[in-house]
Amino acid sequence: MSDRPRLLPLLGQAVHGGRDAMTCQYRCGNACDHPVPNESDNPYFGDVVRTEVSRRGVVRAGAVGALVLGFAGAGAASAAPALAAEAAPSEMPDVAPARFSGALTFKPIPPNKLDTFVVPNGYDHAVVIHWGDRVEPGAPEFDLHNQTAAAQSKQFGYNNDFVAVLPVDKRGRRALLVVNHEYTNENLMFPGFTTLDALSVEQLKVAIAAHGLSVVEIERVGNTGEWTPVSKGPRPYNRRITALSTRFEFTGPAAGSAWLKTAADPRGRVAIGTLNNCAGGVTPWGTVLSGEENFNQYFVGGDGAPEALKPRLARYGISTTTRYPSDSRKWDRADERFDLAKHPNEAHRFGWIVEVDPFDPEAKPRKHTALGRFKHEGANVIVAKSGHVVAYMGDDERFDYLYKFVSDKKYMPGNSAVARRHNLTLLESGSLYVAKLDYTSATEIDGTGKLPTDGAFNGTGRWIKLAQGNRSYVDGMTVADVLTFTRLAGDAVGATKMDRPEDVEPSLLTGKVYVALTNNTNRGVGTNPKADEANPRNANKHGQILEVVEDRGENAAETFTWSLPIVCGDPADASTYFAGYDKSKVSPISCPDNVAFDGAGNLWISTDGNALGSNDGLFATAVEGPERGHLKQFLTVPLGAETCGPFITTDNRSVFVAVQHPGEITGASVENPASTWPDGDYAKPGVVCTWRLDGRAIGS
Ligand code: FEO
Ligand code: CA
Ligand code: CA
C-alpha cells in the first residue's frame with residue numbers, strides 16, 4: 001500500500017504559526033514577510049458603537065424553501081445545448097445538494113502527523129485524480145523526467161484547490177469534476193531542481209501550464225459513494241484551462257478600460273490565462289466561479305513601472321522597489337508580459353472572479369469586472385428573496401475586506417435555454433459592496449479572546465456601496481478605478497479590516513453567510529490595528545468563523561447582524577469559543593480556510609496551516625439547533641499538505657477534498673520527498689473522494 005503511515009523525514013521550518021517556509025514562498029509569495037499592504041488609516045475600531053443589537057431569529061421556513069427551490073431549479077445539463085441535446089428534460093440534474101435531515105454521527109478522528117489520508121471508522125477514501133493524469137483527449141502519459149508544456153496543458157495540473165462536482169445525469173452515475181490549480185512547487189515537480197533561475201524556459205512553461213483549472217468527467221463506482229474518471233468512450237467535457245494559453249473575456253464596466261489595455265490586447269478585452277485560482281463556488285445555473293488570489297507574485301519589474309502606478313501596485317502586494325522580490329517566480333524569462341517595466345497594465349488583468357461553464361467546452365471563460373479586483377479567495381452565489389443573485393467574497397490578506405455583489409438583473413428559474421442564457425449574464429452588471437462592522441461591546445475587547453459581558457462577539461454591520469452598474473459611489477474614483485483597484489475603494493470608505501477573509505459562503509438552507517477568517521499574526525503587533533470584536537485576538541494564530549445574518553433574511557439587504565460562532569484553537573485554550581458547546585467534546589481546529597455545506601445545512605470547514613502541530617484536516621459542525629458548535633474532525637491530509645475543496649456531492653454520499661501541496665516542507669525535493677503520498681514514490685497533489693462504507697449519507 002502506498003498510503004501507509006510514514007514518519008517525518010524532514011523537520012522543515014515552521015513560520016507564522018504552523019505553515020512551512022516553503023508554503024510561504026511558493027503559495028503566497030512570503031506575504032507575511034512583506035509589509036501589510038493595507039496602510040490606509042481607515043479606522044479599525046467601530047466608529048459607531050452600538051449597545052443594543054436586534055438579534056434576528058432564523059429565516060422563515062417559507063423563505064428557506066424558496067431559496068432551495070430556486071437553486072435546485074437550475075438544470076446543469078441545460079448548460080450545454082449541443083452536448084445535452086440527447087438528454088431528455090427528465091434527465092436534467094440539480095446542482096444543489098438534496099436536503100436531508102442528518103446529524104453528524106461520525107466518530108471524530110484525532111489530530112496526527114501521519115503521511116497518509118485519515119478518515120473515520122466506517123468510511124473509506126480513494127484518490128480520484130492527481131497531478132499529471134490525463135485530462136484532455138490525446139494527452140500523453142505523464143513522464144516525470146521529460147515534462148513539456150504541451151503535455152502539461154492536457155494533463156491534470158498542480159496544487160488542486162477548489163473542487164466542484166456537478167451532476168451530468170439524473171441517475172447520479174456521471175458528474176463533472178471541476179478543479180482549480182492554484183500554484184506550483186517547482187522544487188517538488190522537477191528532478192534535480194536547484195533554483196528557479198536554473199529552470200529551463202520549457203520548465204517555466206510547464207509550471208505556467210500547471211496553473212488554471214481542470215474539467216474531468218467522472219463516474220460512480222458501482223452503487224458506492226466512490227467516483228473515478230471516465231476511462232472509456234468519448235469525454236467531450238474534459239478540458240484544461242491554463243495560465244499559458246486559455247483566452248478569457250473581460251465583462252462588465254471595467255472591460256475595455258484603459259487599465260486593462262496592453263500591447264498584446266489594445267482593446268483591453270481579452271486576457272491570456274488565469275492565475276492562483278484558490279477557492280470558488282457553483283452558481284445556481286451550473287457554472288463554476290473561481291477566485292484569482294495571490295497574482296502579485298508572478299510579476300517582476302514593479303520598480304520600473306510608471307511612478308503614478310506604483311502606489312496602486314503596492315496596495316496589491318507588488319514590490320515597487322526591486323526588480324526581483326524574494327518571492328519572484330521568474331516567469332518573465334518565459335513570457336515578457338510578466339515584466340511590469342515593459343507591460344505595467346498586465347497585472348491588472350488578474351485578481352478577478354472568473355466564471356467557467358464546464359458544460360460548454362467551447363465557451364470562452366470570463367473575468368467579471370463587476371465583482372471587483374482584489375486577492376479573491378473565491379465567490380459563492382445565492383438567489384436572494386428579491387430574485388437578484390448575490391455573490392459573497394473575501395480578500396485573503398491580513399487587514400483586508402469582506403465584499404458582496406448584488407446583480408442588477410434577476411435570476412430566471414428553470415432549465416430552458418432562454419433561462420440559461422439570461423443567467424449567464426447576471427454577473428456582468430450589479431452593485432459591489434464592502435462590509436463595515438459595528439460592535440456591541442467594543443470597549444470590553446482586550447485582545448485575549450475573552451468574551452464580553454453580553455456573552456458573545458457580535459454586532460451589526462452595513463454593506464457600503466462602492467459601485468452600481470456604470471456608476472462609482474467613491475469620490476475621486478471612476479467606476480473602472482473602483483472595480484480595478486477595489487482595495488483602494490474599500491480604504492476610502494472605511495471598510496473593516498479583517499483577519500484574512502478566505503471562503504465566504506451562504507447556507508442555501510438559511511441564507512446565513514459564513515466567513516472563514518484564517519488568522520492574522522500581525523493583529524495588534526507594532527503599529528498594526530489592534531483586536532476588535534470581530535477579530536478579537538491579537539497575534540491571532542488560529543482564526544475564527546464569522547456568521548453574517550442579513551436583515552429581513554434578504555441577501556440583497558444593505559444591513560446585517562453578525563457574530564462569531566467559532567473562535568478557533570485548542571479547546572483547552574481559554575481564548576477559544578465553540579458557540580457555547582461543551583468544549584471537552586469538540587475537536588481542536590486551527591486556520592479555517594474553505595467552507596462548504598451538506599444538504600442538512602451542516603458546515604464543513606477545511607484548514608490551511610494548522611498551528612497546533614497536526615496535519616491539516618476537514619471538520620464539520622451543525623450551525624443550527626442544540627448541536628451548534630459541536631465541531632468534529634472528519635479527516636486529515638498527508639504531511640505538509642493543506643485540505644482544500646471541500647465539496648459534498650448533491651446526494652450527500654461523497655465528500656471530495658483536494659490534497660494540496662503534500663510534502664511541502666523546506667528541504668524536500670523529488671528525490672528526497674517529505675511525503676510520498678499518494679503512490680509511495682514522490683509527493684503529488686490530488687483530489688480524494690471519501691464515502692461511507694454502508695452507502696448512506698455522509699455524517700448521518
Ligand atoms: Fe489560496 Fe487564501 O488561500
Ligand atoms: Ca484558501
Ligand atoms: Ca467553499
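The figures here come from the full heavy-atom set of this structure, side chains too, leaving out hydrogens, waters and symmetry mates. If you're wondering where the values come from, they're calculated on a predicted model, not measured in any experiment. Order of appearance sets the numbers: ligands from 1, and atoms from 1 within every ligand.
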List in chain and number order the residues that pass side-chain hydrogen bond (donor to acceptor under 3.5 Å, both in side chains) with His368, two or more places apart in sequence or in another chain; answer none if no residue qualifies.
-> Thr251, Glu355

Between His211 and Trp331, ring centroids under 6.0 Å = yes

What angle sits at the Ca ion (ligand 2) between OD1 of Asp593 and OE1 of Glu502, to 10°?
-> 60°

Applying side chain to side chain contact (heavy atoms under 4.5 Å, CB included), name anything that partners His376, two or more places apart in sequence or on another chain.
-> Ile353, Phe374, Met393

State yes or no: are the ring centers of Tyr158 and His181 separated by less than 6.0 Å?
-> no

Listing protein N, O or S under 2.8 Å around atom 2 (Fe) of ligand 1 gives Glu293 OE2, Glu377 OE1, Asp396 OD2, Glu502 OE1

What closest approach, in Å, do Ile208 and Ala334 show between heavy atoms, and which atom pair accounts for it?
-> CD1-CB, 4.0 Å

Using only N, O or S atoms, tell me which atom of Glu182 is closest to atom 1 (Fe) of ligand 1.
-> OE2

Can you tell me if Asn185 and Asn159 form a side-chain donor-acceptor pair at under 3.5 Å?
-> yes

Counterpart residues, side chain to side chain contact (heavy atoms under 4.5 Å, CB included), relative to Ser326 (two or more places apart) = Asn30, His34

In Glu377, what N, O or S atom is nearest to the Ca ion (ligand 2), if we give its atom name?
-> OE2

